Amino acid sequence: MNIDAVLERVDRETGASLKQLKEYLRIPSISTDPAYTGEVRRCAGFVEKRLRAAGLDTEIVETAGHPLVYGEWLGAPGRPTVLFYGHYDVQPVDPLDEWRHDPFEPTVETGRRGERIVARGATDDKGQSFTHIKAVEALMLETGSLPVNVKFLIEGEEECGGEAIEAYVRSPAAERLGCDLALVSDTSMYGPGQPSVLYGLKGLLYTEVRVRGAARDLHSGTFGGAVANPLNALATMLARLRDPEDGRILIPGFYDDVRPLAAGERSAFAALPFDETKYGEEIGATALWGEAGYTTLERVWARPTCDVNGIWGGYQGPGAKTVIANRAGAKVSMRLVPDQEPDRIFRALAEHLRASAPPGIEVEVDHLNGAPPVLVDLEGPLVDAALMGVEEAWGRAPVRVREGGSIPIVSTLSGVLAAPVLLIGFGLSDDRLHAPNEKMDLVNFYQGIRTIVRVLDRVGSVDPGA
């Protein structure tokens with residue numbers, strides 16, 4: 001196979017690739033908001049169309065939630081089979097007034113590293129996973145075939161729990177997903193120009209806490225001091241989740257199953273170039289803070305966390321309203337590490353919150369979604385070949401890193417398919433995932449396409465039975 005000709009095609013067609021990416025990003029596929037259900041389905045249709053244009057047989061798989069998009073090309077008998085995973089859904093755009101442009105009108109800006117595309121989904125995960133489709137398309141158009149068999153499974157619920165794909169992968173219908181290697185691009189590189197392979201993801205526990213006091217809102221003068229204030233109570237309960245001095249989480253039993261960081265991992269983390277001052281400046285933080293006894297990288301990548309993601313209750317309008325609101329609530333999430341189990345941690349959290357509530361306050365805690373943590377085994381000839389392809393594309397070897405985020409389906413794919421799952425991302429830590437002005441550097445988008453071409457070429461040279 002003339003790989004250079006394929007790469008030349010990729011370079012010639014950057015304009016067309018960018019145009020298609022913009023079309024993709026214009027679809028407001030916000031999966032967590034029922035008001036956008038139609039747009040999520042429209043986005044699934046766009047993905048299916050692009051897979052067909054790349055030469056694959058395709059299907060939109062109906063589920064109890066948002067549809068899955070499946071595609072395959074199995075024209076390389078005796079060669080390895082690569083399964084690509086991605087998601088076409090995106091996060092909500094709030095707060096809207098902090099965006100420089102309409103979040104669903106992708107805009108190319110010039111930044112300090114060159115051009116970047118700004119839009120919701122630019123890097124999480126439309127821009128990154130679109131590199132897979134464009135790489136396969138370039139190979140098919142230039143050579144008429146692929147060096148491997150490929151399958152695509154692209155979901156529309158990653159940002160709202162991933163229940164549909166979880167059920168599908170565990171169902172008999174998923175026999176079609178059998179592969180020798182799974183490849184995911186939904187993560188970040190360690191730094192600009194430094195390719196990375198991810199071997200560890202944190203798990204997730206996402207909850208909603210609601211507290212209730214009296215049967216109605218009360219006058220704060222007439223009834224103040226007579227009953228517990230739900231807002232005061234909730235603030236105290238949330239404050240008791242973490243020690244304000246050393247950052248440790250105070251839920252009884254929370255650390256019982258935490259797998260300690262191995263000495264070799266701590267040494268490897270410490271050897272990576274990391275500037276805490278620059279890290280703080282990039283995110284606009286005047287100081288870094290977290291669990292005592294661990295470095296910033298160790299805390300982000302390999303120690304569990306607990307954060308309040310939202311809080312509400314009481315009067316929010318202009319001026320004063322002297323009222324004791326009768327209810328309040330909060331969203332609380334935890335990022336978990338091996339070998340913590342989300343369900344057990346949820347029970348411990350709920351018990352701790354109820355024990356922290358004063359008399360007269362009713363507490364409800366809902367388990368909204370979660371995912372187990374995962375560590376990926378980066379061994380074997382297929383993985384070695386894929387990483388060689390990454391190195392050829394970037395001119396330097398990928399570093400091995402962990403990540404503080406969660407991709408719920410990764411552990412399921414690894415367990416059910418019994419195949420290595422390779423996480424090779426093309427985003428950067430400053431891409432503003434889940435925040436206003438999300439972006440992706442266009443050099444990384446185009447280089448991502450080239451990287452996948454190289455990876456497929458190298459993996460195709462490996463005997464899957466070896």
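This one's a predicted model, so the numbers in the text were calculated from it and none came from an experiment.
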For the residue pair [X] and [Y], confirm or rule out a side-chain donor-acceptor distance under 3.5 Å.
X: R335; Y: S406; value: yes
X: S333; Y: D307; value: no
X: K126; Y: S29; value: yes
X: H87; Y: D124; value: yes
X: E115; Y: T110; value: no
X: Y85; Y: E155; value: yes
X: Q91; Y: R120; value: no
X: S31; Y: E159; value: no
X: E265; Y: Y199; value: yes

- Message: Taking the ring of F274 and the ring of Y279, is the distance between their centroids below 6.0 Å?
- Response: yes
Do the non-hydrogen side-chain atoms of [X] and [Y] ever get within less than 4.5 Å of each other?
X: R116; Y: M440; value: no
X: V136; Y: I452; value: no
X: V365; Y: F346; value: yes
X: P106; Y: R26; value: yes
X: F445; Y: S17; value: yes
X: D457; Y: V453; value: no

Any carboxylate oxygen within less than 4.0 angstrom of a Lys/Arg side-chain nitrogen, looking at [X] and [Y]?
X: E391; Y: R396; value: no
X: E23; Y: K49; value: yes
X: K22; Y: E105; value: no
X: E72; Y: R176; value: no
X: D11; Y: R450; value: yes
X: E208; Y: K331; value: yes

- Quick one: CH2 on W73 to OG1 on T81, what's the gap to the nearest 0.5 Å? 10.0 Å
- One should read off an interatomic distance between R299 CZ and T295 OG1, to the nearest 0.5 angstrom, of 7.0 Å
- Is it true that atom CD of E341 has more than 12 heavy atoms of other residues, nucleotides or ligands lying nearer than 6.0 Å? no
- Message: Out of the candidates T107, T123, D431, only one should pair with K439 under the side chain to side chain donor-acceptor pair (under 3.5 Å) rule; please name it.
- Response: D431
Would [X] pass as a cation-pi partner of [Y], given that its NZ or CZ must be under 6.0 Å from the six-membered ring centre and within 45 degrees of the axis?
X: R248; Y: Y255; answer: yes
X: R303; Y: Y294; answer: yes
X: R50; Y: F130; answer: no

